[in-house]
Amino acid sequence: MSQINFPNDFIWGAATASYQIEGAWDEDGKGESIWDRFSHQPYHIFNGDTGDIACDHYHQMPQDVALMKELGLASYRFSINWPRILPGGIGRVEPRGLDFYDRLVDELLEAGIKPMATLNHWDFPQALEDKGGWTNRDSVDWFTDYARILFERLGDRVPYWATHNEPFVIAMMGYAFGVFAPGIASYPQAFQVTHHLHMAHGKTVQLYRQMGLTGQIGIVLNLSTYQPKTNRPEDLDAAKRMEDMNNNLYLDPIFKGKYPEDLIAWIDKSRPEIRDGDMTLISQPIDFLGINYYTAQIVSFSPNGYMKFEAQTRVEPGWGITYKGWGICPSQLKSLLLHLKEDYGNPPMYITENGTTLNEPVDETGYVNDQGRINYLRAHFQAAHQAIQEGANLKGYFIWSLMDNFEWASGYDQRFGLLNVDFNDPARKRTPKASFYWYRDVIKTNGFTN
Ligand code: IFM
């Protein structure tokens with residue numbers, strides 16, 4: 001048995017996102033988001049689920065913060081629902097929406113928990129989608145104007161800000177594959193969306209600096225590793241293409257001020273319109289990189305499809321596949337962190353999401369003995385710890401998720417929470433799982449015995 005200790009200033013957290021937990025989808029003057037629209041249409045979401053009520057966090061926020069305090073969180077990562085602040089996306093501000101986040105921030109600070117606010121975790125205003133959404137270059141200014149409102153109101157108390165959560169998912173799942181809101185299937189649009197998301201990020205970082213705010217601002221990317229299935233040149237190329245598409249399309253503009261050249265050549269006529277000055281705006285220095293890591297991929301050439309690659313989930317020996325169908329691969333978290341250290345200048349990094357779904361029974365009291373989640377987290381913590389020992393600049397770790405919630409197109413079928421939520425109960429009763437208590441001890445001792 002060995003004791004694993006993290007650095008003294010390591011930040012232990014948990015994460016959620018507005019649409020996935022808040023509910024109150026049309027209360028207190030909130031406008032419609034693209035996820036409200038998408039989930040209200042038939043066949044988009046498993047079981048016809050919606051986020052209309054979700055975990056009812058909008059009404060239960062103080063009790064939820066009390067649970068976070070019991071867990072001992074140093075930081076809580078949440079997101080802000082844009083049409084709750086600006087029902088039409090631009091223009092009139094809804095004070096009740098702003099008040100909600102103001103109260104949340106104060107509750108957190110009172111409980112000794114540092115807020116990390118994400119400005120865009122996908123619930124984009126439908127009114128702006130009707131104007132072309134992220135394909136419209138004006139989206140850069142829409143977003144920056146929205147950010148200014150939040151910086152003015154909360155900037156004095158929120159020490160960590162993230163611009164976007166997983167721009168890959170917004171652009172590709174939403175605009176190329178059409179499986180997430182707004183449900184569009186067009187590669188050219190998706191690449192243009194990527195570029196505008198990047199610009200909105202850069203302009204918002206610039207604004208944050210201009211406003212003289214003293215916290216930290218960064219972005220959250222979903223990143224992974226892509227292993228070629230064989231050494232055949234077409235598989236090597238396919239793996240590189242997938243890494244370019246999923247990782248480097250997002251990392252390179254920010255850290256290197258350019259798009260991956262091979263990918264831009266591949267997409268040819270679908271490439272985005274890039275104007276003079278755009279790449280300088282995008283590559284503003286950031287204070288941290290947020291990394292969402294869940295699984296890794298094995299990639300091979302495919303004669304089908306636009307990108308001509310196909311991926312299978314990678315499973316590390318001794319591990320299995322989660323209920324979501326994602327292979328468990330803790331060692332790749334270490335590889336990823338060391339890759340970011342070597343090839344992207346070792347920025348301050350946070351694991352802003354990591355966690356798993358299981359299919360474990362809930363007992364009659366609501367308790368879940370989720371040993372599988374504990375094993376998953378322990379192995380990933382260990383991989384992160386090894387990366388730190390090898391020099392990765394990892395500053396903290398946020399579990400996805402604090403509570404079971406609306407898992408996008410999978411509805412309530414996939415449960416990532418440390419808290420079980422009873423979605424059949426109008427009160428959405430929360431019950432800590434075994435992993436909640438295990439994580440509480442990790443936080444308390446800043447490590448664990450292996
Ligand atoms: O639930 C999502 C989250 O919103 C973004 N990252 C991945 C999670 C699990 O799929």
Side-chain angles (χ1 to χ4, degrees), residues 13-23 25 33-36 38-39 44-47 49-51 54-55 57 76-82 116-124 162-174 177 179-182 197 218-224 246-247 250 289-297 311 313 321-329 332-333 336 349-359 370 372-373 376-377 380 397-421 423 435:
T16 63
S18 42
Y19 186 73
Q20 295 180 269
I21 66 164
E22 284 178 3
W25 80 279
S33 80
I34 55 172
W35 272 94
D36 294 318
F38 191 73
S39 69
H44 285 152
I45 314 291
F46 180 79
N47 208 24
D49 291 340
T50 73
C55 306
H57 170 74
Y76 170 57
R77 174 174 177 246
F78 62 95
S79 78
I80 295 167
N81 182 310
W82 182 343
M116 178 184 277
T118 303
L119 291 164
N120 174 21
H121 199 129
W122 312 351
D123 32 17
F124 183 80
T163 52
H164 305 301
N165 180 75
E166 302 180 358
F168 166 87
V169 174
I170 300 170
M172 297 304 156
M173 307 283 274
F177 316 146
V179 292
F180 277 11
L197 286 167
I219 189 167
V220 172
L221 304 180
N222 54 304
L223 299 173
S224 190
N246 293 24
N247 284 9
Y250 299 91
L289 171 65
I291 300 154
N292 293 354
Y293 174 82
Y294 290 92
T295 183
Q297 312 274 352
T313 196
I321 296 189
T322 69
Y323 184 51
K324 180 116 179 145
W326 293 346
I328 302 179
C329 232
Q332 291 308 296
L333 175 59
L336 175 63
M349 296 181 274
Y350 292 90
I351 302 299
T352 33
E353 289 182 21
N354 173 247
T356 192
T357 54
L358 301 166
N359 195 6
D370 55 344
R373 179 170 287 101
Y376 177 100
L377 292 175
H380 286 79
Y397 207 117
F398 294 72
I399 306 301
W400 185 269
S401 175
L402 176 69
M403 62 183 96
D404 293 340
N405 59 47
F406 177 84
E407 176 55 14
W408 308 111
S410 308
Y412 297 101
D413 182 51
Q414 299 284 337
R415 293 164 169 266
F416 278 92
L418 299 170
L419 293 167
N420 177 65
V421 178
F423 294 105
S435 57

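Numbering of ligands and ligand atoms starts at 1, following listing order. Since we're looking at a predicted model, the values are computed, not measured.
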Just which atoms of ligand 1 are under 4.0 Å from any heavy atom in H121? 3 (C), 4 (O), 5 (C)
Over 60° means perpendicular and under 30° means parallel, so classify the ring planes of F180 and W122, tilted if in between. tilted
Indicate the atoms forming the closest heavy-atom contact of T352 with R77, along with that distance. O-NH1, 3.3 Å
We want to know whether N420 and D370 form a side-chain donor-acceptor pair, criterion being a heavy-atom distance below 3.5 angstrom. no
If you compare all heavy atoms of E353 against all heavy atoms of E166, which two are closest, and at what distance to 0.1 Å? OE1-OE2, 3.7 Å
Mark up the atoms of ligand 1 that fall under 4.0 Å of a heavy atom belonging to E353, in ascending order. 3 (C), 5 (C), 6 (N), 7 (C), 8 (C)
If hydrogens are left out, which of W326, W408, Y294 has an atom nearest to atom 8 (C) of ligand 1, that is, the closest non-hydrogen atom? Y294
Under 4.0 Å from any heavy atom of E407, which atoms of ligand 1 are there? 1 (O), 2 (C), 9 (C), 10 (O)
I need the atoms of ligand 1 closer than 4.0 Å to a non-hydrogen atom of E166, numbered in the order shown. 5 (C), 6 (N), 7 (C)
Is it the side chain, the backbone, both or neither of N165 that has a heavy atom closer than 4.0 Å to ligand 1? side chain
With a 3.5 Å cut-off and no angle check, do the side chains of T16 and Y76 form a donor-acceptor pair? yes
Do N405 and Y19 get their side chains close enough for a donor-acceptor pair, meaning under 3.5 Å? no
Measuring from the heavy atoms of Q414, does anything fall under 4.0 Å of ligand 1? no
Looking only at distances, please establish whether an N/O atom of ligand 1 is found under 3.5 Å from an N/O atom of N405. no
